[in-house]
Amino acid sequence: DEERRTEPSLKYLFTEVFCNLAGGSELITAPDLEITKLLVPKAAWQVFLDTAEIAADHMPRELIPEVLAALQKGKHFIVDASSAEPTTSMSGAAAVKDVLAAAAGKKLSSQQLAA
């Protein structure tokens, strides 16, 4: 639902998930509802991790493996369980947005989310 699954709302929900996985006191909103998950397709999981590694470039290098381990631990909060099983492995990072694009807060369509 593109009315509720806007980029800012997904960022907020993902922040809840990551902070909880990293041991913070943040609670995950409705953890059993698919609409509160990022819904990364199974085939794009490695791309997601590769992108997270690049996006963490401002952190001390020794903490990045911990970030990736936390994401792996919470994969069920991030991946779309109903997406097709990957037939080929995707890898490589997606483009990390620049500051202007990140601040734009545009709504994402279902097609953009599925891409």
Side-chain angles (χ1 to χ4, degrees):
D1 178 356
E2 59 190 72
E3 288 299 312
R4 292 188 283 180
R5 293 180 56 81
T6 63
E7 188 172 339
S9 69
L10 290 171
K11 274 187 194 178
Y12 178 80
L13 292 167
F14 181 70
T15 299
E16 286 183 347
V17 168
F18 184 75
C19 290
N20 179 277
L21 293 171
S25 60
E26 190 72 47
L27 296 177
I28 299 172
T29 300
D32 297 328
L33 294 178
E34 290 297 306
I35 196 163
T36 64
K37 296 178 183 178
L38 211 53
L39 299 180
V40 171
K42 291 174 188 172
W45 178 245
Q46 189 57 51
V47 173
F48 177 81
L49 291 176
D50 293 345
T51 305
E53 184 173 6
I54 289 172
D57 66 351
H58 63 287
M59 298 177 64
R61 294 294 306 159
E62 65 272 9
L63 293 180
I64 294 175
E66 292 181 43
V67 166
L68 298 175
L71 292 172
Q72 191 68 43
K73 181 176 106 179
K75 184 176 178 178
H76 62 285
F77 290 122
I78 301 167
V79 170
D80 181 357
S82 67
S83 65
E85 291 294 331
T87 54
T88 60
S89 177
M90 296 172 66
S91 64
V96 177
K97 290 197 273 183
D98 64 30
V99 175
L100 291 176
K106 295 178 183 174
K107 290 185 178 183
L108 300 178
S109 69
S110 298
Q111 292 79 18
Q112 288 171 307
L113 290 169

As an exercise, state the distance from [atom1] of [X] to [atom2] of [Y], rounded to the nearest 0.5 Å.
X	Y	atom1	atom2	answer
Phe18	Ile28	CZ	CD1	12.0 Å
Met59	Glu53	CE	CD	11.5 Å
Asn20	Thr15	CG	OG1	12.0 Å
Ile64	His58	CD1	NE2	8.5 Å
Leu39	Ser82	CG	OG	7.5 Å

Minimum heavy-atom separation for [X] and [Y], please, with both atom names.
X	Y	answer
Ser83	Lys42	OG-N, 2.9 Å
Lys37	His76	NZ-O, 3.4 Å
Leu71	Trp45	O-CH2, 3.5 Å
Leu21	Ala70	CD1-O, 3.4 Å

Report task. Any chance you could lay out the side chain to side chain contact (heavy atoms under 4.5 Å, CB included) test for Phe77 and Thr36, step after step, and finish with the verdict? Result -> CA-CA 8 Å; Phe77 290 122; Thr36 64; over 6 Å; no
**Report entry** side chain to side chain donor-acceptor pair (under 3.5 Å) against Ser9, all qualifying residues, sequence neighbours excluded
**Finding:**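 For Ser9 the side chain to side chain donor-acceptor pair (under 3.5 Å) partners, ignoring immediate neighbours, are Thr6.
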Report task. Could you tell me which residues satisfy ring pair (Phe, Tyr, Trp, His ring centres under 6.0 Å) with Tyr12, sequence neighbours excluded, listed by chain and number? Result ->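 Listed in chain order: nothing, the list is empty.
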Query raised in the report: Under the side chain to side chain contact (heavy atoms under 4.5 Å, CB included) criterion, do Leu13 and Val17 qualify, and how do the steps go?
Result: CA-CA 6 Å; Leu13 292 167; Val17 168; 5.8 Å; no
Query raised in the report: Does any donor atom in the side chain of Asp50 or Gln46 lie under 3.5 Å from an acceptor atom in the other side chain?
Result: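 A pair is found: one side chain offers a donor N or O, the other an acceptor, under 3.5 Å apart.
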Query raised in the report: Side chain of Asp80, backbone of Pro41: donor and acceptor closer than 3.5 Å?
Result: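 Not a single qualifying donor-acceptor pair exists.
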